[in-house]
Structures are given as structure tokens and as C-alpha cells.
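Indexing begins at 1, ligand by ligand and atom by atom, following the structure's order.
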Amino acid sequence: MRIGAIEAGGTKFVCGIGDENGNILDWLSFPTGHPAQTLPQVIEYFQDKQAEAIGVGSFGPIDINPESPTYGCVTTTPKPGWANYDLLGTLRRAFPVPFGWDTDVNAAAYGEAKWGAAQGSSSCLYYTVGTGVGVGVYSEGKIIHGLVHPEGGHVLTRRHPEDDFAGVCPYHGDCLEGMAAGPAIEARWGKKGHELPPDHAAWEMEAFYIAQSITSAILLLSPHKIILGGGVMQQLQLLPLIRQAVLRNLNGYVSSSAILDHVDEYIVSPGLGQQAGLCGALALGLAAWNNGAAI
Ligand code: ADP
Ligand code: ZN
């Protein structure tokens, strides 16, 4: 079986073709430009790929409510040309196959539950900490949508005692994304994350903010696994700092051995590595094929 996958990111698009076991057989990545430039590249990629269904994990916010007249559109984004753009509709017109459609992080959470670090679990959260912060929610064996879709990157945070940085979120200033995404690190410290040494104070502060949101998410959703991806998480010293901070925050309150005794296996890197997003889109495409999602 040949299933198409599109990881539609604000920085880059990744298109691929895979099989029903989560194997990516071929892929191509290119920078995200104006949709008039990017969509023809996507369509050209799939032209000779014989995809039987296609899954799309998209940057957002996006409309994922099938009852809505703007279903399939990117909604509010400052990216030129993308606000209110009918991304799914454009793809559907080009390829008459079933389509899966969800946020990039929901797709990644789903892919990790199917083939990655949360395989066999009925719930997981997938965080990306990169240009923005996003949180995908998979719970009780389902991707969670709710009213719109979860927007866990914008939860409000308690300020680090030594941090007077205002935050960079254009909506909230010092929400999680405003304090902890890659551009926040760069604005606070005057250097990009990868230029800061591993023992820099930035990383303890970064862990402080991410761990706060993870703590709240554990208390709210009780997930079986928490998976942390995105460019900033390439700083390998972060993961242990985050685990310690989560344990300190919880202070023994959640009496689960998975957290208290095995936090190294509870808060983890993506099992699918750099392909978490693309494999997630593949999983969405496969699900669409299986239930014959509306063409
Ligand atoms: P995107 O979120 O745009 O899909 P990434 O997940 O690669 O892409 O995130 C890009 C952000 O992550 C940038 O702000 C960049 O500075 C930061 N970043 C990328 N690599 C590293 C690294 N090795 N260490 C720290 N920060 C990084
Ligand atoms: Zn925000």
C-alpha cells in the first residue's frame, strides 16, 4: 500500500510516501513559501506517487471541524498568504483520494502512539519546542479535538524568579511559547539556542517553563507518555532537567510508579526521531484510507 504524508510546517514542508507499517519509502523537503509557490511543489511531488490516501499534519491554527464551512483552512496566521487559505481543499482538488487532516502535533502524537515511543499506549502528549510550541493530545485511543483543537503552546506560565524577559508571543507575551520557543531563547539571551553552551543558565530556565506545562498536563489529562520533540529539544541536557523539574513540581502527589520510579521512560524523545511529524501524517493518511474518509 502507498500512503502519502505531508508535514506542513511554517518553516518547511515535508512530503513523503510510506506504507501501512509506518515505513517512509521516499520523501522531499522544501522551505515554506507563499501558498501559490508551495502548493504546486506539493502537487508535483505526488503527481507520480500513486498515493491511495494522503494524510496532512499542518501548522495552525487550522479548521478541523468537518461541519464547518471553512473546514480544511489555515485560520489565523501572520504568514503571508496563509491566513484563511484552503490548504486541504486545494489538495483534494488535485488528488481524488481519502485525506486525513489534523494539526502537526496531533499527527505526531498519533504517529508516536501507533509506531513510536507511545506504541501500545492509549494516550500520549507530543510537544514540539521549535519556532513555536505546540502540544498534540492523544487520549483514550483518540486524537483530541474538542471545540477547535488543543493549543497547549499558549498556556500561561508562572515566571521564573530570575527572568524579567517580557516574552515574544504576539497574543499573550509571556505564555509558554512566548517564554520558551526558539525565538524567545534568542531574544532573551541575544544568541540562538544552538550557540549557547550546555551549562548556560538558559537551559535550567527553559526546563522550568516546559516542566510547568507538563506538570499541568499530567494533572489535567493523566497521559501514559510525554514525548518532547522540535529543534530546541536537540539540546540533550534539557530532557533530564525537565524530568527533575516535573518531579519537583508534582512533589509525589501523583502516585504512579511510571512517574515516580521510571520518569526516564515517561518523559522521552520521539521514538520516530526526526520523522515523527511525517510518520504522524502517514498514520493520518492510513486512518483516512481505512475509514474511507470523505473524498
Ligand atoms: P519548526 O518549529 O520551524 O518546524 P524546528 O523544530 O527546527 O523547526 O525549530 C526551530 C527553532 O529551534 C529555532 O528557533 C532554532 O533556533 C531552534 N533550534 C534548532 N536547533 C537547535 C539546537 N540544536 N539547539 C537549540 N535550539 C535549536
Ligand atoms: Zn501565546
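The aromatic ring centres of W189 and H200 sit less than 6.0 Å apart. Checked against the 6.0 Å centroid threshold, F13 and W27 do not count as a close aromatic pair.
No N or O atom of K192 sits closer than 3.5 Å to an N or O atom of ligand 1. The shortest N/O to N/O separation between T128 and ligand 1 does not fall below 3.5 Å. At least one N or O atom of G231, backbone or side chain, sits closer than 3.5 Å to an N or O atom of ligand 1. Polar contact with ligand 1: present for T131 (N/O pair, distance under 3.5 Å).
Side-chain N/O atoms of D104 and Y126 include no donor and acceptor closer than 3.5 Å. Side-chain contact of D102 with H145: a donor-acceptor pair under 3.5 Å is present, judged by distance alone. Between the side chains of Y127 and S213, a donor-acceptor pair is found at a separation under 3.5 Å. A donor-acceptor contact under 3.5 angstrom links the side chains of D63 and S68, judged on distance only. Defined by atom type and a distance below 3.5 Å, a donor-acceptor pair is missing between the side-chain atoms of T103 and H149. Between E204 and H160, the side chains place a donor N or O and an acceptor N or O closer than 3.5 Å (distance only, hydrogens not considered).
Within ligand 1, the atoms closer than 4.0 Å to a non-hydrogen atom of T11 are 1 (P), 3 (O), numbered from 1 in the order shown. Near G193, meaning under 4.0 Å from any of its heavy atoms, are these atoms of ligand 1: 24 (N), 25 (C), 26 (N). For ligand 1 and G182, the ligand atoms under 4.0 Å from any heavy atom of the residue are 14 (O). The ligand atoms of ligand 1 that sit less than 4.0 angstrom from a heavy atom of G230 are 6 (O).
For the Zn ion (ligand 2), the nearest N, O or S atom contributed by H154 is named ND1. Nearest to the Zn ion (ligand 2), among the N, O or S atoms that H172 has, is ND1.
Checking atom 15 (C) of ligand 1 against the protein gives no heavy-atom contact under 4.0 Å.
When only non-hydrogen protein atoms are considered, atom 9 (O) of ligand 1 lies nearest to G130 CA, 3.2 Å. Closest to atom 17 (C) of ligand 1, if we only count protein heavy atoms, is V232 CG2, 4.0 Å.
Put simply, V137 and I210 are part of the same group of oily side chains (I, L, V, M, F, W, Y) that touch within less than 4.5 Å, one to the next.
Proximity of Q234 to ligand 1, defined as any heavy-atom pair under 4.0 Å, is confined to the side chain (atoms from C-beta onward). The parts of P183 lying near ligand 1 are both backbone and side chain, judged by heavy-atom distances below 4.0 Å.
For the pair K49 and Y45, the cation sits on the ring face: its NZ or CZ lies under 6.0 Å from the ring centre, inside 45° of the axis.
The heavy atom nearest to atom 24 (N) of ligand 1, out of those in K12, E206, Q235, is found in Q235.
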